[in-house]
Structure formats: structure tokens, C-alpha cells
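Note that the structure is a prediction, hence the values are computed from the model and not measured.
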Amino acid sequence: MTSQHDGNESSASSGEEPREDAPTQGERGQADEPRAGTDSKATAKEKTAAAKEHTIAKAKEATAQVRAKAGQATELAKSKTPEPLLHTATQTAAHVRDTASRAGHLAADKTPEAVREKAERAAHAAGSKWTPLFVVGVAFLVVVLMRRRRRNC
């Protein structure tokens with residue numbers, strides 16, 4: 001009984017009146033046990049969500065830093081590269097684009113009608129995936145042309 005009396009004194013000294021209908025510590029533990037599992041799950045979910053948000057924020061920050069560093073490196077490389085070399089590189093890139101375009105047109109011209117029709121049907125089936133389809137189509141045409149050349153040689 002002294003332990004209950006001591007507990008009442010400590011709560012009375014803290015300015016709170018003990019309620020008679022309040023559950024004892026043992027009763028509180030029994031009542032909280034079913035909620036403890038859901039509370040810990042909710043807490044774990046909250047912590048996981050917070051950690052995920054923190055990780056995403058850090059990843060975005062790191063990405064921004066990498067992009068900034070890449071931009072600085074590009075500008076530094078451009079500033080240290082002689083003007084004639086930049087001009088030559090620009091001309092070479094334009095030449096490569098033109099050559100690739102001509103090769104694509106040549107491949108399209110030499111492709112049999114049946115193959116073109118099949119490619120067209122596949123393109124319509126692909127819908128919004130034009131870029132991957134175009135790449136696959138060009139690769140297919142290059143393979144077909146290379147096989148024909150090998151047979152003719």
C-alpha cells in the first residue's frame with residue numbers, strides 16, 4: 001500500500017490530482033498492447049516515408065551539383081579549346097549528320113516494298129514510340145543492305 005500511497009504523493013506534488021477511474025500501470029499496458037502493433041507499424045511507415053523523402057531530396061541535390069560541375073567543365077573545355085578546332089568539330093558533326101541522313105534515304109530507296117509496308121504497319125502499331133521504332137527500323141535496314149552486299153560480292 002505504501003507504493004500506491006507514494007505514487008499518489010508524487011502525482012499530488014506535481015500538481016495533478018489522481019483520478020480514481022484512471023487505469024493502473026498494469027491495466028494501461030494491457031489496454032495498449034493491441035494498439036502497440038499498429039502504432040509501431042504507423043511509426044515505421046512514417047519513418048520510412050521521411051527517409052525516402054530525405055533520400056530523394058539528397059539525390060536531387062546531388063544531381064544538381066553534378067549538372068553544375070558538368071556545365072563548368074564544358075565551359076572550361078570550350079574556353080581552353082582553340083577556335084579553329086571548335087570550328088572543325090562543328091563542321092565534322094554537321095557532315096556526320098548529313099551522311100547519316102543520306103544513308104537513311106538510300107536505305108529507304110533500296111528497301112523492297114514488302115519490307116517497307118511491314119515497317120509501316122509496325123510503326124502504326126507502335127504509336128507513340130517513334131524514336132525506338134525508328135532506330136530499330138534503321139538498324140534492320142542496314143542489316144538487310146549489308147546482307148545483300150555480301151551476297152552480291
Side-chain angles (χ1 to χ4, degrees), residues 7 10-11 14-16 19 21-153:
S10 63
S11 61
S14 65
E16 295 178 358
R19 295 187 329 202
D21 62 335
T24 63
Q25 187 175 5
E27 292 172 345
R28 268 189 253 133
Q30 291 172 353
D32 288 344
E33 281 181 18
R35 274 192 282 151
T38 57
D39 287 347
S40 64
K41 286 181 183 178
T43 304
K45 284 183 180 180
E46 289 173 6
K47 287 182 180 180
T48 303
K52 185 177 179 181
E53 289 175 11
H54 179 70
T55 303
I56 290 171
K58 286 287 190 181
K60 285 181 180 179
E61 185 179 312
T63 302
Q65 288 177 350
V66 167
R67 284 184 179 155
K69 293 275 186 185
Q72 290 173 352
T74 302
E75 290 301 318
L76 181 64
K78 281 183 181 179
S79 68
K80 289 187 175 187
T81 304
E83 189 64 34
L85 186 60
L86 284 176
H87 181 69
T88 304
T90 304
Q91 286 181 334
T92 303
H95 180 69
V96 167
R97 278 192 300 272
D98 291 343
T99 304
S101 176
R102 265 188 262 125
H105 289 296
L106 180 65
D109 290 343
K110 293 192 174 197
T111 303
E113 187 65 32
V115 174
R116 270 190 270 169
E117 287 176 5
K118 286 182 182 179
E120 187 176 319
R121 276 187 254 135
H124 287 295
S128 64
K129 299 178 183 176
W130 283 104
T131 304
L133 179 65
F134 179 73
V135 170
V136 170
V138 169
F140 176 74
L141 291 175
V142 168
V143 169
V144 168
L145 290 174
M146 290 179 74
R147 288 180 68 190
R148 281 188 176 181
R149 272 194 174 165
R150 287 183 185 165
R151 285 183 193 165
N152 292 337
C153 289

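Closest heavy-atom contact between S79 and L76: OG-O, 2.8 Å.
Contact check for Q72 versus K69: side-chain heavy atoms found under the 4.5 Å cut-off. Between I56 and K52 there is a side-chain heavy-atom pair separated by less than 4.5 Å.
With sequence neighbours excluded, the residues that form a side chain to side chain contact (heavy atoms under 4.5 Å, CB included) with P112 are V115, R148. Looking at residues two or more places apart in sequence or on another chain, you find a salt bridge (Lys or Arg N to Asp or Glu O under 4.0 Å) between E113 and R116. For T88, the side chain to side chain contact (heavy atoms under 4.5 Å, CB included) partners two or more places apart in sequence, or in a different chain, are T92.
A donor-acceptor contact shorter than 3.5 Å links the side chain of T55 to the backbone of A51.
In this structure, the separation between CD on E46 and NZ on K41 is 14.5 Å, given to the nearest 0.5 Å. Put simply, CG on D109 and CG on L141 are 11.0 Å apart, with the number rounded to the nearest 0.5 Å.
Residues Q91 and H87 have side chains that bring a donor and an acceptor to within less than 3.5 angstrom of each other.
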